[in-house]
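The structure appears right after this line, and notes come after that.
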Amino acid sequence: MPSSDYDSACLPDLLPLYYRRLFPFYQYYRWLTYGGVQKNYFQNREFCFTLKDDIYVRYQSFSTLNELEKEMQKMNPYKIDIGAVYSHRPNQHNTVKSGSFQALEKELVFDIDMTDYDDVRSCCSAADICTKCWTLMTIAIRILDRALREDFGFQHLLWVYSGRRGVHCWVCDEAARKLSAAARSAVAEYLSLIKGGEDTVKKVVLTDPIHPFIRESLAVVEHFFPQYALQDQDILARKESVDKVLALVPDDVKKELQQDFQNEKKSDVRWKLIKDQARKKQSTAKKGQHFDKEIMLQYCYPRLDVNVSKGVSHLLKSPFSVHPKTGRVSVPIDLRELDSFDPFAVPTISLICEELDRPKTGEEEEKVEDATEKEDERDASEKRRIRGHNCEDIFADHLITKEPVWQSM
Amino acid sequence: MLFSGRRKKFGTSIQTELYVQPLQFYGQPPLENISLSEFETFAVDRLKLLKTVENLGVSYVKQSEQYSKKLDSELKTLNFPYRSEVDDRKLPGGPSESEKRRKDHISHFILRLAYCQTEDLRRWFIQQEVDLFRYRFNGLLSKQKLEFLHKNNLQYDAISLKEKKELKEKLVSSTYAISGITVEDQDFYKVPFQDALDLVRTRKVYLKEGYAYIPHQDIVTIVLNDFRTRLSKALALTARSLPAVHSDERLQPLLNHLSHAYLGQDYSIQKNVGKISLEQIDSLSGKSFPLCMRQLHQALRENHHLRHGGRMQYGLFLKGIGLSLEQALQFWRSEFIRGKVDGDKFDKAYAYSIRHMFGKEGKRTDYTPYSCMKVILSNPPSQGDYHGCPFRHSDPELLKQKLQVFKVSPSGIVQIMELVKGMHYQLACQKYFELTHNVEDTPFSLSHPNQYFSESQKLLGGGGGGKELKREVDASQRSQENSSSRGFSAAQEAADSEHEAEMTKDLNAFFEDV
């Protein structure tokens, strides 16, 4: 991955600086206290630190903002995970009777990882990503964001770049935080269309009638499909990738298409042929023939790691944690500018630490003053820290516009 | 016995009130006195019933004709109310309908005592009871359903005609077996989506802004949800008052044994630790591993890596057949370092989870190898995964190819594919066992990959290493049997009653069946 300015060997040197001067502790604390409506909500929250050499320290918890700040600055974790809100303070979990220490609440979370798309992208594999396949994440966010808002009625969604090859979603509504494990898995399964592992060729099967949720999702996929799949990935060009697509259509149609493709080399025309066949089949066959839609979904539909969403106590990498491999900060994603979000433009820890040492320019001074008008002293000083990158503003927006209750507290 | 007359009267008045309905929410515990022998037969019968519910749920599609037929006949033979008979007909020699309902009622509460103790037991019990309830509720006439809702104060808000018209198209395309015309005659209930999870999960309901719109025909879902919540709360309450019950030495051994029945054979007990050498695994995987494990083994050898789901399923299986922790670490390490993982990374990232599997890390649970049911039902494989049940999770074409590679005869493949098509995955696997071992009609019913392995080893006993292994297994089984019967005799002494001895004998016979 081209993050040339970052060298993972420097991480131990940069982290102290990051936690001392850049990490947005105050905003972070404000998020996780949720306005202090519920007692001990922050105090009973589990944090997990990953230290050098992959040493995991689970069940960390903090009673105040100050304690959190002090501890992070002392430990300088390579990675921070957030867990559930428990019945007791997690750092005292050994002192309570076993069985009574239980995970009670957590944001409903989703984890989408590019490695899960390896069978349908030809540009990269495993942990690698490029601007071509990043479209898959854009599609995933568009589909899930709509469904979580419109179908499930959630409003407080925070989308975060994971720092390497995927995105996370934190659904912060009170109702979402209180969901049982069964309800979480039901939501995750409602949102999952791709079924099957290495031994399944056809991973999407649609039946009549097509559920409104699938229709809405299809509309999103259809919007991106021509450019992404037919142009960028060019799935109908090379022989092997054509075979992979044709493995998803019924046998009789497959034969006809194979013949047609002999004379037709252009991807978009080939795709049109597939669509025509599907339309023809639909008008003759009794049972639903949706293989064109199934192909689109198999190639583009979001692939959720369901197990992350299911468990109340499952850990997920925290926003603003640094990814140790790439050095990139897990920044919130602004959905208003989702289509132009570029994972390679996300600042690395080396970059922002370097910026600290650079002298301020007049223009930036001005900007800081603007900010002071909106926020109190402390926020303003934090704004100054990650200059030039508006990720913290998005995070602040998330806090301010979305949970008016907290404001009044 | 002085008050027996009075108690009887009291009993019958409750009875008439309680047992009017063919189905109940089990809100009121039974208040009558019953004999120990009745206590025992009721409990054992209900346990048999719930085991049947569990087995049928795996072998057949719930609510299919075969499922109903089998469950019906089981209800009948065990004398549970099996169809909503309105009149209290008494077949010559058989118990009356209200006696059956009484049995249903009492036996449910007995098993609550036995199954409230741990999270695992509660989950199993709730699942089976809910499935049973669903079956019965669906069997009611629509008039009886309404009566049931009314009696139990279950009221749901139906949406207005106007709203229905606005959403008509959406409602039609999200609900099975409903056309545009019937939408207008049907009541739709608007409930928070959390109350209709089964419908949400399978996308069989329209969702809007957090509310599910449930057609009347699916009302069973919300009723079930209610039932589940109540039962779950009730079990938590029962667990709290359990110490009082446990002080009764007549009941305690019985309840403990009842609760152990559902687990079947526990393959976590390491009886043949160290009896397998790492060099044997390759040859054993060809001879005695079930297909799921053979597939995982192959994938591991090819890719020098397995993802979490595969490591769990295969790792615990290997533990069950006798790999020690040291062997397991060596086994996984030697394979992983041939791939992209170096020794250092393995020790940091993977060794922990293997020690965890053996109960040496974290909360130190000694994990049990997965049963077929668990493999089939939970955590289905996704991209990059090789775990799961090949009969359940492979495309039929690929499965066929695989079977061909493993030299199953064409006619055998046809038989297996037929079973797969009917969703009898465990039977398909058993068929595979028979074909690969050249036996007909195996005397066991397959429910666990480790069972497959030990049965295979028993059969192949002739071969060198296998024989040795077999003797060990037999010996340890024998010693285990001894120790368990010793445990029983202690319990018997404590009980010190002839009846009790009788009871445990019956129970023993039952558990052998299970």
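Numbers restart at 1 for each chain; the letters A, B, ... are given by sequence-line order, proteins then strands.
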Quick one: does [X]'s side chain get under 4.5 Å of [Y]'s, heavy atoms only?
X	Y	value
A:Leu179	B:Phe193	yes
B:Glu397	A:Val201	no
A:Asp53	B:Lys348	yes

**Candidate list B:Lys402, B:Lys400, B:Arg392, test salt bridge (Lys or Arg N to Asp or Glu O under 4.0 Å), partner A:Asp199, passing option** =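 Of the listed residues B:Lys402, B:Lys400, B:Arg392, the salt bridge (Lys or Arg N to Asp or Glu O under 4.0 Å) partner of A:Asp199 is B:Lys402.
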How far does [atom1] of [X] sit from [atom2] of [Y], to the nearest 0.5 angstrom?
X	Y	atom1	atom2	value
B:Ser173	A:Arg215	OG	CZ	6.5 Å
B:Gln383	A:Thr115	CD	OG1	9.0 Å
B:Asp395	A:Lys203	CG	NZ	9.5 Å
B:Lys170	A:Phe213	NZ	CZ	13.5 Å

**Asked** Of A:Ile210, A:Ile214, A:Leu191, which meets side chain to side chain contact (heavy atoms under 4.5 Å, CB included) against B:Arg203?
**Response**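 Running side chain to side chain contact (heavy atoms under 4.5 Å, CB included) over A:Ile210, A:Ile214, A:Leu191 with B:Arg203 returns exactly one hit, A:Ile214.
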Proximity breakdown for [X] and chain B, heavy-atom pairs closer than 4.5 Å:
X	result
A:Leu304	neither
A:Ile194	neither
A:Tyr56	neither
A:Glu198	both
A:Ser185	both

Distance-minimising heavy-atom pair for [X] and [Y]:
X	Y	result
A:Ala186	B:Leu197	CB-CD2, 3.7 Å
A:Tyr190	B:Val200	CD1-O, 3.1 Å
A:Thr200	B:Leu398	N-CD1, 4.3 Å

**Prompt:** Is B:Arg307 salt-bridged to A:Asp116, going by a charged N under 4.0 Å from an acidic O?
**Reply:**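 Here B:Arg307 pairs with A:Asp116 in a salt bridge, since their nearest N and O are under 4.0 Å apart.
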Decide if atom [atom1] of [X] counts as having more than 12 heavy atoms of other residues, nucleotides or ligands within a radius under 6.0 Å.
X	atom1	value
B:Lys340	NZ	no
B:Phe133	CZ	yes
B:Glu169	CD	no

**Asked** Of all of A:Glu150, A:Glu189, A:Lys202, A:His211, which one pairs up most often with chain B through heavy atoms under 4.5 Å apart?
**Response**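 Highest number of pairs under 4.5 Å: A:His211.
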**Prompt:** Who among A:Ala175, A:Gly196, A:Ala147, A:Ala182 has the most heavy-atom pairs with chain B under 4.5 Å?
**Reply:**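 Of the options given, most contacts go to A:Gly196.
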**Asked** Relative to chain A, which of B:Asp385, B:Leu399, B:Asn379, B:Leu207 shows the most heavy atom pairs under 4.5 Å?
**Response**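 Counting heavy-atom pairs under 4.5 Å, the top option is B:Leu207.
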**Request:** Below 4.5 Å from any heavy atom of chain A, which atoms of B:Tyr206 appear? Answer side chain, backbone, both or neither.
**Result:**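 Both the backbone and the side chain of B:Tyr206 come within 4.5 Å of chain A.
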